[in-house]
Amino acid sequence: MEIFFTDKEVNEYIEQAKSTYDQIRPDSDFNIIHDPQPCPIINFVDDKKGKWIWRCHIDTENPNPQAWSMISDYLSLYDALVFTKLEYARKTSHDLIYQIPPSIDPFSVKNKDIPEAQARDIVEKFVPIDLPLVTQVSRFDPWKDPLGVIDAYRIVKEKQPIRLVLIGSLAHDDPEGIEWLKKVKDYAKNDPDIIILSNLDGVGDLEVNAFQRVSKVILQKSIKEGFGLTITEGMWKKTPVIGGNVGGIKLQIDDGKNGFLVDNIEESAEKIIYILKNPKKAKEIGEAGHIKIKNEFLLIKHVERYLDLFEILSK
Ligand code: UDP
C-alpha cells in the first residue's frame with residue numbers, strides 16, 4: 001500500500017528540517033547532511049560557501065514516489081550525493097554520486113577486542129553456554145524477519161541442540177518495536193531455548209560484543225537492509241555470519257567465502273547446520289570475514305573515502 005503525505009505532513013517535515021539548522025555550521029568547508037529528515041536544510045542556507053553533501057543511509061532503490069519527488073528538489077542543490085550502494089541512487093539524476101558504505105570503529109566498546117574468558121562470563125550472565133548459540137542482534141522489525149529466524153531455528157533444532165538468542169534494542173517511545181517484540185515472544189511460545197533480550201535487560205554495547213564473539217553463528221536474516229552493521233560487527237569478530245541476500249549485506253558477504261547469503265528459511269537452517277557441523281570450515285570463514293572487514297569497512301577506510309571525495313570536490 002502506497003503511503004500518501006498530506007500538505008500538513010509535508011509542511012511539518014520541512015519545518016522540522018528547518019529547526020535543525022541551528023545545529024550545523026553552514027560556513028564549514030564541507031557540510032554533510034545525513035538522511036531524508038534534515039535534507040531540506042540546504043534550502044535555508046543564505047550564503048552557500050563550502051561544499052554540501054547529502055549522505056543517504058537507507059535503501060532508496062524503490063522509494064515512495066511522492067517522498068522521492070519532494071526530496072529530489074533539494075538533492076539538486078547539493079554538490080554531491082553519497083549512497084551506501086550505487087544501486088540506491090537509481091532514481092536520482094545528479095552529476096556527482098558516490099558510493100561510500102558505513103564502517104565500524106574497532107576500538108569502540110561494541111567492537112574492541114575482549115578476552116574469550118571475559119566474553120563467556122558476560123554471556124553466561126544471560127544464557128547458559130552448554131549448547132551452541134545462534135544469535136541475531138537487531139531491532140524488532142519485520143524487515144529483520146525475526147519470525148523467519150525462529151522458523152529456521154526450529155528446523156535446526158529438530159536435527160541438533162542449539163539455543164537461539166534474539167537481541168533487540170527497544171525505546172520506550174517505539175510502539176512498533178514493542179508491538180513486534182510481543183509478536184516475537186508469542187511466536188517463540190515459551191520455548192526455553194529461545195532467549196529474547198533487549199537493552200532493557202541490560203544488554204548494552206559490551207554485552208552485544210560478547211554475544212557476537214561467543215555465538216557459533218551470527219544471523220542477520222533481513223529481507224531488506226541498507227547496509228547491516230550487525231553483519232560487519234559479526235564478521236570483524238571472526239564469527240561465521242549468515243545474512244539475507246539483500247541490499248548492503250551483499251556488499252559485505254561473498255557467499256561461501258567469508259559468510260553465507262541466504263534467500264529463505266530453509267537455506268538459513270541448512271547453513272546453520274553446515275557451520276555447526278564443520279568447525280574447521282567455520283573457522284576459515286570467520287577468518288576470511290575478519291579480513292574483508294579489515295580491508296573494506298573499518299573507520300580508517302571510511303575516512304579515506306571521504307577524503308577522496310573532498311579532494312574531488314575541491315578541484
Ligand atoms: N544494536 C544493539 N543492540 C540491539 C540491537 C541492535 O546494539 O539490541 C546495534 C547493532 O549492534 C548495530 C546497530 O544497532 O550496531 C544496528 O545497525 P544495522 O545497520 O544492523 O541495522 P539498523 O537498525 O540500522 O536497521
Side-chain angles (χ1 to χ4, degrees), residues 102-141 144 146 149-150 152-153 156-157 160-172 174 177-178 180-181 184-185 188 190-222 228-243 252 258-259 272 275-276 279 282-283 285-294 297-299:
S103 62
I104 55 166
D105 174 358
F107 302 113
S108 66
V109 175
K110 174 83 58 73
N111 294 305
K112 69 179 182 183
D113 224 354
I114 47 175
E116 202 182 315
Q118 187 191 347
R120 293 173 76 88
D121 283 350
I122 294 172
V123 168
E124 273 188 314
K125 284 188 196 143
F126 300 91
V127 186
I129 47 179
D130 51 334
L131 298 181
L133 301 184
V134 173
T135 299
Q136 174 157 303
V137 180
S138 58
R139 289 178 293 110
F140 296 108
D141 179 292
K144 309 288 185 181
V149 170
I150 293 178
Y153 152 85
V156 178
K157 188 78 175 172
Q160 64 188 97
I162 56 163
R163 279 204 179 87
L164 175 67
V165 183
L166 293 168
I167 300 175
S169 51
L170 267 188
H172 290 289
D174 174 12
I178 293 167
W180 264 89
L181 171 62
V184 172
K185 282 191 172 159
N190 293 323
D191 181 335
D193 288 333
I194 302 180
I195 292 97
I196 302 169
L197 297 167
S198 82
N199 50 323
L200 304 183
D201 301 300
V203 180
D205 286 353
L206 184 65
E207 289 74 20
V208 169
N209 185 339
F211 270 101
Q212 287 169 331
R213 286 175 196 281
V214 172
S215 300
K216 295 286 180 225
V217 178
I218 289 292
L219 205 57
Q220 188 56 60
K221 206 203 145 307
S222 305
L229 281 169
T230 54
I231 299 274
T232 335
E233 293 160 3
M235 289 170 79
W236 175 243
K237 290 162 189 130
K238 302 186 182 172
T239 305
V241 175
I242 300 173
Q252 303 186 68
N258 52 29
I272 294 172
I275 291 169
L276 295 178
K283 194 161 188 301
I285 284 180
E287 297 280 347
H290 177 77
I291 291 170
K292 171 87 183 227
I293 302 308
K294 186 174 170 194
F297 302 113
L298 290 189
L299 200 61

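These numbers come from the heavy atoms of this one structure, side chains and all, not from hydrogens, waters or symmetry mates.
A distance-only check finds no donor-acceptor pair linking the side chain of Glu124 to the backbone of Asp121 [under 3.5 Å]. Gln220 places no side-chain N or O within 3.5 Å of a backbone atom of Gln136 that could act as its donor or acceptor partner. In this structure, the side chain of Asp201 does not engage the main chain of Val203 through any donor-acceptor pair within 3.5 Å. Of the possible polar contacts, none joining the Lys144 side chain to the Lys221 backbone as a donor-acceptor pair under 3.5 Å is found.
Here Leu166 contributes atom CG and Ser198 contributes atom OG; the two are 11.5 Å apart, rounded to the nearest 0.5 Å. In this structure, the separation between CZ on Arg139 and OG1 on Thr230 is 10.5 Å, given to the nearest 0.5 Å. Distance check: Arg213 CZ to Ile122 CD1 gives 10.0 Å after rounding to the nearest 0.5 Å. Rounded to the nearest 0.5 Å, atoms CG (Asp205) and NZ (Lys110) are 4.5 Å apart. Here CD1 of Ile231 is found 9.0 Å from CD1 of Ile293. Values are rounded to the nearest 0.5 Å. The CD1 atom of Ile162 lies 8.5 Å from the CG atom of Asp193; values are rounded to the nearest 0.5 Å.
Among all heavy-atom pairs drawn from Phe126 and Phe211, the shortest one is CB-CZ, 3.9 Å. For the residue pair Asn258 and Met235, the shortest heavy atom distance occurs at O-CE, 3.7 Å. A pairwise comparison of heavy atoms in Gly259 and Ile285 identifies N-CG2, 3.4 Å as the closest pair. Of all the heavy atoms in Leu131 and Pro161, the pair that sits closest is CD2-CB, 3.8 Å. Contact between Leu206 and Lys112 at its shortest, heavy atoms only, is CD1-CE, 4.1 Å. The two residues Val214 and Arg120 have their closest heavy-atom pair at CG2-N, 3.8 Å.
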Asp130/Arg163 under side chain to side chain contact (heavy atoms under 4.5 Å, CB included): CA gap, chis, key distance, verdict = CA-CA 9 Å; Asp130 51 334; Arg163 279 204 179 87; 2.6 Å; yes
request  = Decide yes or no on side chain to side chain contact (heavy atoms under 4.5 Å, CB included) for Val127 and Leu133, but give the supporting numbers first.
outcome  = CA-CA 9 Å; Val127 186; Leu133 301 184; 3.9 Å; yes
Verdict with reasoning, Ile104 to Leu299, per side chain to side chain contact (heavy atoms under 4.5 Å, CB included) = CA-CA 6 Å; Ile104 55 166; Leu299 200 61; over 6 Å; no
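The side-chain heavy atoms of Leu164 and Ile195, taken from C-beta on, include no pair separated by under 4.5 Å. Put simply, the side chain of Val134 does not reach to within 4.5 Å of the side chain of Val165, judged on heavy atoms.
Side-chain atoms of Asp191 and Tyr153 include a donor-acceptor pair closer than 3.5 Å.
Listed by first and then second residue, the side chain to side chain donor-acceptor pair (under 3.5 Å) pairs that reach into residues 232-241 are Asn111-Lys237, Gln212-Glu233, Gln212-Lys237, Thr232-Gln252, sequence neighbours excluded.
The number of heavy atoms from other shown groups lying within 6.0 Å of NZ (Lys216) does not exceed 12.
Here Glu287 pairs with Lys283 in a salt bridge; the nearest charged N to carboxylate O distance falls below 4.0 Å.
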